[in-house]
Amino acid sequence: MIKNENKKELIKLIIVYAIVLGLMLGMAFVSSLIGEKIPMIALYIILYALLMLPVIVYAKMTGTLTAEDFGFKKIKVSTFFFTVLLTIVSMPMYMFANVLSQLFVPNTIVQSIDTLFTTNAGASLFMAVILAPLCEEFICRGFFQNRLKKVVPFFASAVISGLMFGMLHLNLNQFCYALVLGVVFAYANRASGSIFTSMLMHFLINGGNMLFLLVMQAAYASMNTSIGEAAETYRADKSAMLASVIFYGVLAVASFFLTRLVIRAIANREGNLEVEQSPAVEQVA
């Protein structure tokens, strides 16, 4: 059972998230109206500043605006390299979620990649590889996950913060794989005891994806087509999509067990193995 004070804190956190999500929706609407009148980089800086404001205000009001409360703790060099390994072995799980969602909706990033790189490639890379990982991890893992785990069982807190992370992307395609990543990030941070783990993973994933899309964009441009058109042609082939879902589904199963092993190795190196070996769904008395 969850204590009454924990229920009250959970409700307060949900209200804070509702404000964050409302700001996200509002900025998306404003962005659609403004168009190219304001540089994209300026819009995103304003957006993330607004999204971080409610969590900072709430943390200040509750006396939890410290580096420790947000999970800022040094990690060992070996943990850094195991985190890189974790990023690699966990890839099939979120790729499976990505492909599965495309049975119903287009790949959002692929469809917007031409516009992103045509307008200002440097700004787009900065936003995706640096700004988004820093701010989103600060909000979703540093604030919400680190507070949710104190009021609900850890597994529930990981799923809830993953749902929050996914919904901030405002589309079904990114929601699906962001949810998976959010849960993995939560467990990775518990193993290391630090938000730097999920930040590093977020940097690597976004950076790797952007690099891959840049290369693919150039390749398709040389064939007088676009990566978006090619993706939609492939998505229209239901048999090919089903084969992709099965392929990545099998890889995702193997990925799940490898991810658990690497997370346990990180916990062992950071002296958190006892915490990591605790039941996934414990009671909050």
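Side-chain atoms are counted along with the backbone in the values below, which use heavy atoms only and exclude waters and symmetry mates.
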Practice item. Kindly assign one of parallel, tilted or perpendicular to the pair Phe72 and Phe196, based on the angle between their ring planes and the thresholds 30° and 60°. Key: perpendicular
Review point. Between Arg235 and Glu232, is there a side-chain N and carboxylate O pair less than 4.0 Å apart?
Key: yes
Practice item. Hey, could you give me the CE/CD1 distance between Met199 and Ile75, rounded to the nearest 0.5 Å? Key: 11.5 Å
Review point. If we ignore angles and hydrogens, is there a donor and acceptor under 3.5 Å between the side chains of Thr64 and Thr62?
Key: yes
Exercise for review: Apply side chain to side chain contact (heavy atoms under 4.5 Å, CB included) to Tyr248 and Leu100, showing your working.
Suggested key: CA-CA 9 Å; Tyr248 283 110; Leu100 185 63; over 6 Å; no
Review point. In terms of heavy-atom contacts, does OH of Tyr44 have more than 12 from other residues, nucleotides or ligands at under 6.0 Å?
Key: no
Practice item. Spell out, as yes or no, whether a donor-acceptor pair under 3.5 Å connects the side chain of Arg190 to the backbone of Ala267. Key: no
**Study point:** Pairwise side-chain contact, Thr83 with Ile266, heavy-atom cut-off 4.5 Å (strictly under)
**Key:** yes
Check your understanding: Centres of the Phe143 and Phe138 rings: under 6.0 Å?
Key -> no
Practice item. Go through the steps for Met52 and Ile139 under the test side chain to side chain contact (heavy atoms under 4.5 Å, CB included), then give the verdict. Key: CA-CA 6 Å; Met52 292 172 69; Ile139 295 168; 3.8 Å; yes
Practice item. Say whether, by atom type as modelled, one donor and one acceptor occur between the side chain of Ser90 and the main chain of Leu86 under 3.5 angstrom. Key: yes
Check your understanding: Do Phe144 and Val16 come close enough that some side-chain heavy atom pair is under 4.5 Å?
Key -> yes
Practice item. Examine distances only and state if a side-chain atom of Asn209 and a backbone atom of Ile205 form a donor-acceptor pair shorter than 3.5 Å. Key: yes
Review point. Judged by modelled atom types alone, do Gln174 and Thr108 share a side-chain donor-acceptor pair under 3.5 Å?
Key: no
Exercise for review: Would you confirm whether Lys73, through its side chain, and Ile195, through its main-chain N or O, come within 3.5 Å as a donor-acceptor pair?
Suggested key: no
Exercise for review: Verify the ring-centre separation between Phe154 and Tyr187: is it less than 6.0 angstrom?
Suggested key: yes
Point to revise | Candidate pair His202 and Phe165, rule ring pair (Phe, Tyr, Trp, His ring centres under 6.0 Å), full reasoning | key: CA-CA 12 Å; His202 207 149; Phe165 182 45; 5.6 Å; yes
Review point. Does Val57 sit in a hydrophobic cluster with other residues, and if so which ones, taking ILVMFWY side chains as linked at heavy-atom separations under 4.5 Å, directly or through other members?
Key: Leu53, Met61
Exercise for review: Using a cut-off of 6.0 Å, state whether more than 12 heavy atoms not belonging to Glu68 lie near its atom CD.
Suggested key: no
Check your understanding: Hey, mind stepping through Leu163 and Leu179 against side chain to side chain contact (heavy atoms under 4.5 Å, CB included) and telling me if it holds?
Key -> CA-CA 5 Å; Leu163 287 167; Leu179 167 59; 4.0 Å; yes
Practice item. Could you tell me whether the side chain of Ser255 and the main chain of Leu251 form a donor-acceptor pair under 3.5 Å? Key: no
Practice item. Flag yes if more than 12 heavy atoms outside Tyr234 fall under 6.0 Å of its OH atom; otherwise flag no. Key: yes
Point to revise | Other residues, nucleotides, ligands: >12 heavy atoms within 6.0 Å of Lys60 NZ | key: no
Exercise for review: Among Gln145, Glu136, Glu137, find the one that has a side chain to side chain donor-acceptor pair (under 3.5 Å) with Ser198.
Suggested key: Glu137
Practice item. Using the side chain to side chain contact (heavy atoms under 4.5 Å, CB included) rule, take Phe70 and Arg147 through it: C-alpha gap first, then chi angles, then the decisive distance, then the call. Key: CA-CA 9 Å; Phe70 279 83; Arg147 283 152 185 80; 3.5 Å; yes
**Study point:** Asn173 and Asn98 side chains, donor-acceptor separation under 3.5 Å
**Key:** yes
